[in-house]
Amino acid sequence: MHAFSLEGKTILITGASSGIGRAMAVSCAEAGAVLIISGRNSDRLTETLHLLQGEGHSICKADLTKEDELAALVDFVPKLDGFVSNAGVVNPLMLQFVDKQDVEHVLSVNAVSAIHLTRLLLQEKKLKKDASVVFTSSINGNRCAYIGSTLYAASKAMLTGFMKAAALELAPKGIRVNSIEPGMIETELLKDGNISQEELDKDKQKYPLKRYGKPEEVAWAAVFLLSDATRWMTGSSLVLDGGYTLQ
Amino acid sequence: MEMNEFIKNFGDQFDDTDLSTFTPETRFRDLEEWSSLVALAVLNMVGKKYAIKLLPDEMKPTQTIQELYDLVLSKK
């Protein structure tokens, strides 16, 4: 169906070197978009690029917490029909061990850099009229919380607040701003061993659908929000959590 | 890295268990106050005080403070 297609749209995806961001790039390309993918690791970005259908896609390596690299990314991209902000870190740390650097790092990577990138794209007029902006947020910090995630939760709630006010402010330009709030997703971030396999297996049972989400399941939601099918949707958060927050 | 200091840092993660309870032979998993929350605090303590990233699955086989100490030492 045409409304769900991304044919003819140029879209920037950050955090595209792995996990949810990579899956989003693959799904957006399948839906017909031309992509600019960004991330910190060139090799892994190139791997993502090789997975993309269609032609005309490009890579722009950038650490979004660095001002000059952020500016170079904004300079690199053409006028966009869509932008998905997806870069993020998870660092399970109890509040009693949090120091100033931890606060700055997590908020910077997960929220502040996304805010700066959005404002720069706007200020440099890189967002077309009727563009769609999508933030990958989380149920954590917005609908629920987890032990050891004070900073992550704070960063994701920050994104939601920003998304809502930006949606209101950009509506006269026809630019839509929405977010996705996934529950736990099977990605490398989970596989790095910070949470034991036993804990993960136990946690999955708390989900009514009895499993974690898959990166492509978040990607399909991003395609939906980037497409014309949601052209009357702005300031919304799409919860994708296998029913977790129903309980 | 020194055992007495490690024991103090370990014991600091408990609120109700007296510091004098802890010795290298203490089987910490048998303590009433031991929980997944304290376990996470211990992992964080090792990360912050000794700059070592210890994973939950690595810590799982350890039973005594001595075993945990040896594990941390082996990763230094």
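We name chains A, B, ... by the order of the sequence lines, and we start the count at 1 in each one. These numbers were taken from a predicted model, which means no experiment stands behind them.
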Item checked: Note, B:Trp34 side chain near B:Phe14 side chain (heavy atom, < 4.5 Å) -> yes

Check: Is there a donor-acceptor contact under 3.5 Å linking the side chains of A:Gln205 and A:Asp201?
Finding: no

Notebook entry, point to check: When you check the gap from the basic side-chain N to the acidic O, do A:Arg211 and A:Glu217 get nearer than 4.0 Å?
Noted result: yes

Next item on the list: State whether A:Lys100 and A:Glu104 are salt-bridged, where the test is any N-O pair (Lys NZ or Arg NE/NH1/NH2 against Asp/Glu carboxylate O) under 4.0 Å.
Entry: yes

Notebook entry, point to check: Charged N to carboxylate O under 4.0 angstrom, B:Lys49 versus B:Glu5?
Noted result: no

Check: Non-hydrogen atoms of chain B under 4.5 Å away: do they reach the side chain of A:Asp102, the backbone, both or neither?
Finding: side chain

Notebook entry, point to check: With a 3.5 Å cut-off and no angle check, do the side chains of A:Ser237 and A:Glu181 form a donor-acceptor pair?
Noted result: yes

Check: With a 4.0 Å cut-off, would you call A:Asp99 and B:Lys48 a salt bridge?
Finding: yes

Notebook entry, point to check: For chain B, which residues of residues 14-25 of chain A have at least one non-hydrogen atom nearer than 4.5 Å to it?
Noted result: none

Item checked: Interface moiety of B:Met59 toward chain A, non-hydrogen atoms closer than 4.5 Å -> neither

Review item, side-chain donor-acceptor pairs of residues 64-76 of chain A, under 3.5 Å, at least two apart:
residue, atom, partner, partner atom, Å
A:Thr65, OG1, A:Asp63, OD1, 2.7
A:Glu69, OE1, A:Asp63, N, 2.6

Next item on the list: Please look at B:Leu43 and chain A and tell me whether the side chain, the backbone, both or neither of the residue comes under 4.5 angstrom of a heavy atom of that chain.
Entry: neither

Margin query: Please classify the contact of A:Gln96 with chain B as side chain, backbone, both or neither, using a heavy-atom distance under 4.5 Å.
Written below: side chain

